[in-house]
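These notes concern the structure reproduced below.
Note on naming: letters A, B, ... go to the chains in the order of the sequence lines (proteins, then strands), and numbering restarts at 1 for each one. Nothing here was measured: the structure is a model prediction, and the numbers come from that model.
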Number of protein chains: 2
Amino acid sequence: MDRLDRKILRLLQEDSTLAVADLAKKVGLSTTPCWRRIQKMEEDGVIRKRVALLDPVKINTKVTVFVSIRTNSHSTEWLKRFSEVIVEFPEVVEFYRMSGEVDYLLRVVVPDIGAYDAFYKRMIARIEIRDVSSAFAMEQIKYTTELPLDYMVVDNQKSGDD
Amino acid sequence: MDRLDRKILRLLQEDSTLAVADLAKKVGLSTTPCWRRIQKMEEDGVIRKRVALLDPVKINTKVTVFVSIRTNSHSTEWLKRFSEVIVEFPEVVEFYRMSGEVDYLLRVVVPDIGAYDAFYKRMIARIEIRDVSSAFAMEQIKYTTELPLDYMVVDNQKSGDD
DNA sequence: TCCCCTAAGAAATTTAATTCCCTCATACAC
DNA sequence: GTGTATGAGGGAATTAAATTTCTTAGGGGA
């Protein structure tokens with residue numbers, strides 16, 4: 001992967017509807033080699049997938065809640081089941097195992113506080129958890145699916161900084 | 001918006017490379033009306049954009065850090081500048097204003113702990129913050145851009161449950 | 001020097017998106 | 001009841017884009 005690939009990724013992270021020909025023009029290639037680079041990055045799994053992003057307000061999921069979960073160092077079995085249960089809630093859009101105080105952190109999206117309460121009840125009905133604490137986001141100031149490409153490892157045969 | 005639109009959104013949230021003809025078959029329409037529904041939802045902003053999602057490991061940003069920030073109830077000016085500074089870091093992929101103990105929460109992606117430290121130094125060099133605490137994610141168990149469509153408001157003339 | 005390998009590009013071909021035009025059903029006015 | 005406007009669906013033609021094929025140029029290594 002070189003700086004051209006990086007340029008391509010930068011553009012596709014922003015807008016994947018760009019025609020290959022336009023993309024090629026922007027990165028300074030003709031369509032064929034540009035197309036082949038994209039194919040290769042898809043095969044290699046650098047490009048995982050292409051998706052449509054929806055407007056949370058229009059879809060009625062404008063409220064984000066961060067849920068911090070502490071457990072009593074349960075069995076491996078419990079942990080497995082816990083993950084399985086949590087993952088299948090569509091409201092849980094992110095789910096991390098953490099170091100430090102909190103054991104797990106969830107990002108949950110719902111229409112309003114009431115819906116969050118309903119979600120919370122459904123969750124604790126399905127699995128026993130020692131300690132849960134919820135923090136509400138008042139405003140989403142930034143949300144992007146674009147990963148920084150500055151750390152990417154590139155061939156620097158003919159270096160460049162795009 | 002009705003259940004057909006919802007079905008379309010469900011599919012496009014998963015994979016936006018689906019050909020309109022295939023999509024149409026799956027939702028039980030022919031291509032023309034299906035295409036028109038997609039156009040309309042793009043115009044209406046329900047579909048915000050289409051993007052490529054990259055593999056964080058291959059891009060060398062596998063570490064997620066949640067950064068909790070407390071401020072001393074600063075001036076509006078300070079808050080404005082704070083947001084502007086934070087937003088422009090490409091490592092900050094999410095940024096929320098919170099209720100409760102913590103004032104702001106960031107999700108930051110970097111290659112490793114060392115890179116996080118470098119990011120942290122760059123951040124505090126650019127803006128004064130009272131209290132910062134960092135929590136590292138050991139594992140990303142779930143991450144999806146798919147919003148739950150169950151809360152969407154739909155015309156239920158001819159009801160259905162897809 | 002010659003050959004091989006890799007990447008680029010032009011042109012042809014295939015496939016998919018988009019438009020055009022027609023039909024049907026519902027609703028509302030007269 | 002009849003006429004008509006409106007909105008949604010579908011088939012076929014058209015346009016645009018993706019994909020393939022074939023050809024060319026550069027850069028080592030034998």
Side-chain angles (χ1 to χ4, degrees), chain A residues 1-55 58-59 145 149 152-162, chain B residues 1-55 58-59 145 149 152-162:
Chain A
M1 294 213 291
D2 61 8
R3 66 199 191 76
L4 288 179
D5 290 315
R6 178 152 63 184
K7 232 173 176 176
I8 291 170
L9 291 177
R10 199 184 300 289
L11 291 162
L12 287 180
Q13 279 201 112
E14 275 183 30
D15 179 6
S16 66
T17 65
L18 264 172
V20 179
D22 297 346
L23 196 52
K25 199 172 304 170
K26 282 178 198 269
V27 304
L29 270 178
S30 67
T31 79
T32 308
C34 182
W35 180 83
R36 278 195 288 242
R37 280 164 180 267
I38 297 167
Q39 291 305 308
K40 177 138 198 325
M41 292 193 286
E42 283 176 344
E43 276 170 31
D44 294 350
V46 175
I47 297 173
R48 272 203 309 126
K49 60 197 306 207
R50 291 151 183 263
V51 302
L53 300 183
L54 310 186
D55 181 330
K58 304 238 163 71
I59 283 314
T145 55
L149 298 176
M152 224 174 102
V153 181
V154 295
D155 277 353
N156 264 346
Q157 296 313 91
K158 42 192 172 182
S159 182
D161 50 10
D162 317 285
Chain B
M1 293 215 292
D2 61 9
R3 67 200 189 75
L4 288 179
D5 289 316
R6 177 152 63 185
K7 234 172 175 175
I8 292 170
L9 291 177
R10 199 183 300 288
L11 292 162
L12 287 181
Q13 279 201 112
E14 276 184 30
D15 180 4
S16 67
T17 66
L18 263 172
V20 178
D22 297 345
L23 195 52
K25 200 172 303 170
K26 283 180 199 268
V27 305
L29 271 177
S30 66
T31 79
T32 307
C34 183
W35 181 83
R36 279 194 288 241
R37 281 165 179 267
I38 296 168
Q39 290 305 307
K40 179 141 197 324
M41 292 193 285
E42 282 176 345
E43 276 170 30
D44 294 351
V46 175
I47 297 173
R48 273 201 310 125
K49 60 196 309 203
R50 290 152 183 263
V51 302
L53 300 183
L54 309 186
D55 182 330
K58 305 236 163 72
I59 284 314
T145 56
L149 298 176
M152 224 174 100
V153 180
V154 296
D155 277 353
N156 264 347
Q157 296 311 93
K158 41 189 173 183
S159 183
D161 49 11
D162 317 282

query = In whole angstroms, how far is the C1' atom of C:dA8 from the CD1 atom of A:Ile38?
reply = 15 Å

key: Comparing B:Gln39 and B:Arg36 on DNA chain C - which has the more 5′ nearest nucleotide   = B:Gln39

task = Could you check how far NZ of A:Lys40 sits from C1' of D:dT19, rounded to whole Å?
result = 19 Å

Would you list the protein and nucleotides 24-26 of chain C atom pairs, both N or O, that sit under 3.5 Å from each other?
none

note = Quick note, salt bridge (charged side-chain N to carboxylate O under 4.0 Å, His left out) partners involving residues 43-52 of chain A, not counting sequence neighbours, are A:Lys40-A:Asp44, A:Glu42-A:Arg50

key: d(CG, B:Asp2; C1', D:dG9) in whole Å   = 13 Å

query = Passes side-chain contact (heavy atoms from CB on, under 4.5 Å), B:Leu12 versus A:Leu54? Steps please.
reply = CA-CA 9 Å; B:Leu12 287 181; A:Leu54 310 186; over 6 Å; no

ask   = Hey, is the main chain of A:Ile8 close enough, under 3.5 Å, to the side chain of A:Asp5 for a donor-acceptor pair?
value = no

query = Does B:Arg6 use its side chain to pair, donor to acceptor, with the backbone of B:Leu149 at less than 3.5 Å?
reply = yes

remark   = Atom CG of B:Leu4 and atom C1' of D:dG7 are separated, to the nearest Å, by 15 Å

query = Can you check whether B:Val51 reaches A:Thr145 side chain to side chain, under 4.5 Å on heavy atoms?
reply = yes

Throw together a table of side-chain donor-acceptor distances under 3.5 angstrom for residues 23-34 of chain B, partners on residues two or more places apart or in other chains.
none

message = Rounded to whole Å, how long is the line connecting atom CH2 of B:Trp35 with atom C1' of D:dG11?
response = 16 Å

request  = Take the protein atom CD1 of B:Ile8 and the nucleotide atom P of C:dA17, then report the distance between them rounded to whole Å.
outcome  = 13 Å

ask   = Does the distance from a Lys or Arg side-chain N to an Asp or Glu carboxylate O, for B:Lys7 and B:Asp2, drop under 4.0 Å?
value = no

ask   = Is there a residue in residues 20-34 of chain B whose heavy atoms reach under 4.0 Å of DNA chain D, and which residues are they?
value = B:Leu29, B:Ser30, B:Thr32, B:Pro33

key: Those residues that, when tested against B:Asp22, pass side chain to side chain donor-acceptor pair (under 3.5 Å) (two or more places apart)   = none

